[in-house]
Amino acid sequence: MLSDTIAAISTPIGESGIGIIRISGPDALRILRDLFVPKRRIDILPYHLRYGHIVDSATRETIDEVLAIYMPAPYTYTREDIVEINCHGGPVPLQSILTLVLHCGARLAKPGEFTLRAFLNGRIDLAQSESVMDIVRAKTAASLRVAVGQLGGHLSKEIRSLRQQIMNLLAYLTATIDFAEDEIPEQDAETPLKQIQQRLEELLKNADVGMVYRQGVRTVIIGRPNVGKSSILNALLRESRAIVTPIPGTTRDTLEEVINLRGLPVVLVDTAGLTATDDLVERLGVERSRKAIAQADLVLLIIDGSVPLQSYDREIVSTLEDKPAIIVLNKSDLPLAINLAEIEALLPTFPKVHISALTGQGLADLETAIIEAIFAGRVVTSDTLLISNPRHKDVLYRVERHLCAALDGLTAGLPADFIAIDLTAAANALGEITGETVTDDLLETIFSHFCIGK
Ligand code: GDP
């Protein structure tokens, strides 16, 4: 599989200053020589940018003026020979050059195939490979830091260390199976197992925060019409340091925006749209908030504090159930008309914030409440290792279950071979994070989410 040469356009399709075509594999240099006519007749040297033209040898037509570089294996992204052609960044020059490259014998790369090769050739492990897309898709500078740490191997180092500790225990247990008891010194297996378990728990405890850095916290704004949902959304958008990406809503009538809330990416989902208040619309509104809440990580329930609580508010309150939520009493610039004791009785467990979307008063308190809801008492410092990928989190839960079973077995005095089964399963599962134990199907799934040319 790795004997073929792959190629793809590595920059986005559109108009830009430059566009890059990347070629990786044994034929990369030969293909470049077939297409590239250097301006000055000097040979292509490794790591030297060469100026010249891409010429179709069949028609002798000049396709574009380019800069080309040849990087020989193994010190490259894929550990294979790589050629990059920098041409003008338009779809036609890029496609024309790519077509020529393919005619010369390269195959079109699949999504993520360059990074897959970096993994298969042993330059980076699987967790590091996954972080590449997290870097490309980082929503805030803090998200980027988490992803770059993972590319640097912070997570991999920790996972390998845990796996090694399990392997050591496994080696000891296997020895007790294979040799008579008096031939090997007795070892305490329980304490190290408990220590590994404790570390896993720590990692899992902060995983939710890690996920937020990677994919954002989905925050749904609900409330009856005219309480100020859109005004609050807009106020938060204005306040946030940067609107990162507007993304289309998952339903036709929701609007989603990603904001950077003190470094945390927050996906705000506005359920506004219906403004009439007749019965049918009301029922639809309640139904829609229920749906939106089901997909939310956090809910902002907006109530108009300048008028008494209405039956429609109560209906919407009933859709909250036990979702993490913040009760936002809006229009604090107007005289308070709502019965706060009633709100407290109706929603005793949720934090409440008074704000005015109109004047911006209390907006900082709302932001703080959102941050507090996300961290929920967890202390995360810049050197806390954050699990940010749901796949890794699932694996760690599995490892935890296997370790629990192993510990139960030890406590119950089960024979060593039983415990060894659980420990082997735990070690194998950990290997799925770094890629030591991984199936082709899993690789296929992971890399299919990459962009072409990465
Ligand atoms: P939505 O239907 O819940 O999205 O509510 P809107 O954001 O469209 O606001 C409804 C009305 O309330 C508009 O006329 C806003 O100008 C007004 N409004 C929103 N927030 C405030 C506020 O904090 N104070 C005051 N006085 N009016 C507000």
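Every number for a ligand or one of its atoms is a count from 1 in the order of the listing.
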* Asked: Of the backbone atoms (N, CA, C, O) and the side-chain heavy atoms from C-beta on, which set of N226 has a member under 4.0 Å from an atom of ligand 1: side chain, backbone, both, or neither?
  -> both
* Asked: Taking heavy atoms and a distance under 4.0 Å, where does L358 meet ligand 1: side chain, backbone, both or neither?
  ->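 The answer is both.
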Lys/Arg N to Asp/Glu carboxylate O, [X] vs [Y], below 4.0 Å:
X: D4; Y: R117; value: yes
X: E158; Y: R199; value: yes
X: E113; Y: R107; value: yes

* Asked: Would you say N330 and ligand 1 have an N/O pair spaced under 3.5 Å apart?
  -> yes
* Asked: Just distances here: any N/O of A357 and N/O of ligand 1 closer than 3.5 Å?
  -> yes
* To do: Run the numbers for me: atoms of ligand 1, each under 4.0 Å from some heavy atom of L334, listed by number.
  => 26 (N)
Report all side-chain donor-acceptor pairs from residues 445-454 shorter than 3.5 Å, counting only partners two or more places apart or in another chain.
from : atom 1 : to   : atom 2 : distance (Å)
T445 : OG1    : D441 : O      : 2.7
S448 : OG     : E444 : O      : 3.3
S448 : OG     : T445 : O      : 2.8
H449 : ND1    : T445 : O      : 3.0

* Nearest heavy atom to atom 7 (O) of ligand 1 wins, so pick from S231, S306, G362, S356. =>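 The residue whose heavy atom sits nearest atom 7 (O) of ligand 1 is S231.
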* Among K331, H354, Q361, closest by any non-hydrogen atom to atom 27 (N) of ligand 1 ->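 Looking at heavy atoms only, the winner is K331.
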* Return yes when atom OH of Y51 has more than 12 non-hydrogen atoms of other residues, nucleotides or ligands closer than 6.0 Å, and no otherwise. =>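 It does: Y51 OH has more than 12 such atoms within range.
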* **Stacked cation flag R123 on Y77, 6.0 angstrom / 45 deg** => yes
